[in-house]
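A quick write-up on the structure given underneath.
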There are 2 protein chains.
Amino acid sequence: MSQRNMDVTRQLIEQEACPVSEVIDHVAGKWSVGVIVAAAHGPVRFTELERAVNGVSRRMLTLTLRKLERDGLLVRTVYPTVPPKVEYELTDVARELLDTLRQLTDWAERHRMTITQARATYDLENESAAG
Amino acid sequence: MSQRNMDVTRQLIEQEACPVSEVIDHVAGKWSVGVIVAAAHGPVRFTELERAVNGVSRRMLTLTLRKLERDGLLVRTVYPTVPPKVEYELTDVARELLDTLRQLTDWAERHRMTITQARATYDLENESAAG
DNA sequence: CCGAATCCACAAGGATACTG
DNA sequence: CAGTATCCTTGTGGATTCGG
C-alpha cells in the first residue's frame, strides 16, 4: 500500500516530466491520426469511421474513440433513436491539430519511396554480412 | 489462384493505402519524437540521447535508433576509438520533419492542462456513475 | 447500429547482467 | 562508452459473443 503510493507518486512525476510525449502518443497513435482526419470534415458516425480508417477493428475503433473523447479531442453525441445513432465531432483543440497532422502525412507521402528503399538497403546490408 | 492474386492485390492496395500510417507510427512512436528532436541540433552520442530523452531505457533507445536508422532518418557513425564513440545525426529527410514535430509538441504543451482536466472530468463521470 | 465483455496471441517494453 | 542477451511483465489488438 505504500507501494501503491509510490506508484502514484512516480506516475505523477513522470507525467510532469513528459506529458508532451504522452499526449503525442495519443494523438499520433496507430489509429488516432486516421480517426482525427476522418472526422475533420464534420460529425461522423461509427460505421463511417469504421470504413474510413481502413484496417481498424470495431474494438480498436471504440478504444481509440474513447481515448480521444477522454482527452477532450472528440465529442460523442448519442441520439436515443432506434436504431441508435452516435456521432463524433472534433473539438476546437483537435482542429488545431489538423494542419500539423496533414503536414505529417504529406511528409510521409513525399518520402514514402525513399524510406522504403532505405529499409531495403539496410536489410540487405544486415542479411549479407551481419557485422 | 485467382484467390491468391486477390490477396496480393489487396495487400498492395492496403500498403498503398496506409504506408503513411506506418511511417507516421515510426516517427511518432513513443521514443522516436524525443530522439529526433534531441538530435536536431547536431550529431549526438548515445549517452547524450539517453539523458535527453528522459524515461528511455538503453534497450529501447537502441531499438529506436536502429529503426530510425533503417528508415533512413538517422545516420550512425562509429569511431573506432577506445573508448568507443558513436554519433547519430539526422538526415535531410528527417530534418524536414522538425518543424512539424515542433508544431506537435507546441500544441501538446499549449493544451496540456486542458487535456489533463478533460481527463479528470471524464474519469469522474465514469467512476461515480458508470452509465 | 453501436458498442461491451471475454478470451487469447503476440509484441512492446523494463530490469538486470554481461561484453568489447 | 555503447551496446547485447535474457527474463519477465504489461500492453496491444484480433476474434468472437452478447446486449441495448
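Worth knowing before you read on, the calculation uses all heavy atoms, side chains too, and leaves out hydrogens, waters and symmetry mates. Chain letters run A, B, ... following the sequence lines, proteins first and then strands; every chain starts at 1.
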inquiry  = Donor-acceptor check, side chain of Ser32(B) to backbone of Ala28(B), threshold 3.5 angstrom: yes or no?
reply    = no

inquiry  = Could you check whether any side-chain heavy atom of Ile24(B) comes within less than 4.5 Å of a side-chain heavy atom of Trp107(A), counting everything from C-beta outward?
reply    = no

ask   = Do Arg70(A) and Glu125(B) meet the salt-bridge criterion of a basic N to acidic O distance under 4.0 Å?
value = no

Closest heavy-atom pair and its distance - Leu90(B), Ile36(B) = CD1-O, 3.7 Å

Value in whole Å for how far the P atom of dA11(C) lies from CE of Met60(B) = 14 Å

task = Would you mind reading off the distance between Leu63(B) atom CG and dG13(C) atom P, rounded to a whole angstrom?
result = 8 Å

message = In whole Å, I'd like the distance from the CG atom of Asn54(A) to the P atom of dG13(D).
response = 14 Å

message = I need the Tyr79(A) OH to Lys85(A) NZ distance, nearest 0.5 Å.
response = 6.0 Å

Please list each protein N or O that sits under 3.5 Å from an N or O in nucleotides 3-8 of chain D, with the distance.
unit_1	atom_1	unit_2	atom_2	d
dG3(D)	OP1	Arg66(B)	NH2	3.3
dG3(D)	OP1	Arg76(B)	NE	3.3
dG3(D)	OP1	Arg76(B)	NH2	2.6
dG3(D)	OP2	Tyr88(B)	OH	2.5
dG3(D)	N7	Arg58(B)	NE	2.8
dG3(D)	O6	Arg58(B)	NH2	2.7

ask   = Nearest-Å distance, CG (Leu61(A)) to P (dG13(D))?
value = 13 Å

task = May I ask you to test the Val75(B)-Glu69(B) pair for a side-chain heavy-atom distance under 4.5 Å?
result = no

request  = Measure the distance from NZ on Lys67(B) to P on dA12(C) and round it to the nearest whole Å.
outcome  = 7 Å

inquiry  = dC1(C), OP1 or OP2 - any side-chain N/O from Arg45(A) closer than 4.0 Å?
reply    = no

request  = Write down the distance between CH2 (Trp31(B)) and P (dA12(C)), rounded to a whole number of angstrom.
outcome  = 14 Å

request  = Would you kindly give the NZ-to-C1' distance between Lys30(B) and dT12(D), to the nearest whole Å?
outcome  = 12 Å

query = How long is the line joining CG of Leu49(B) and C1' of dA2(D), in whole Å?
reply = 12 Å

request  = Name the closest nucleotide to the Ser57(A) side chain, picking from dG14(D), dG14(C), dA2(D).
outcome  = dG14(D)

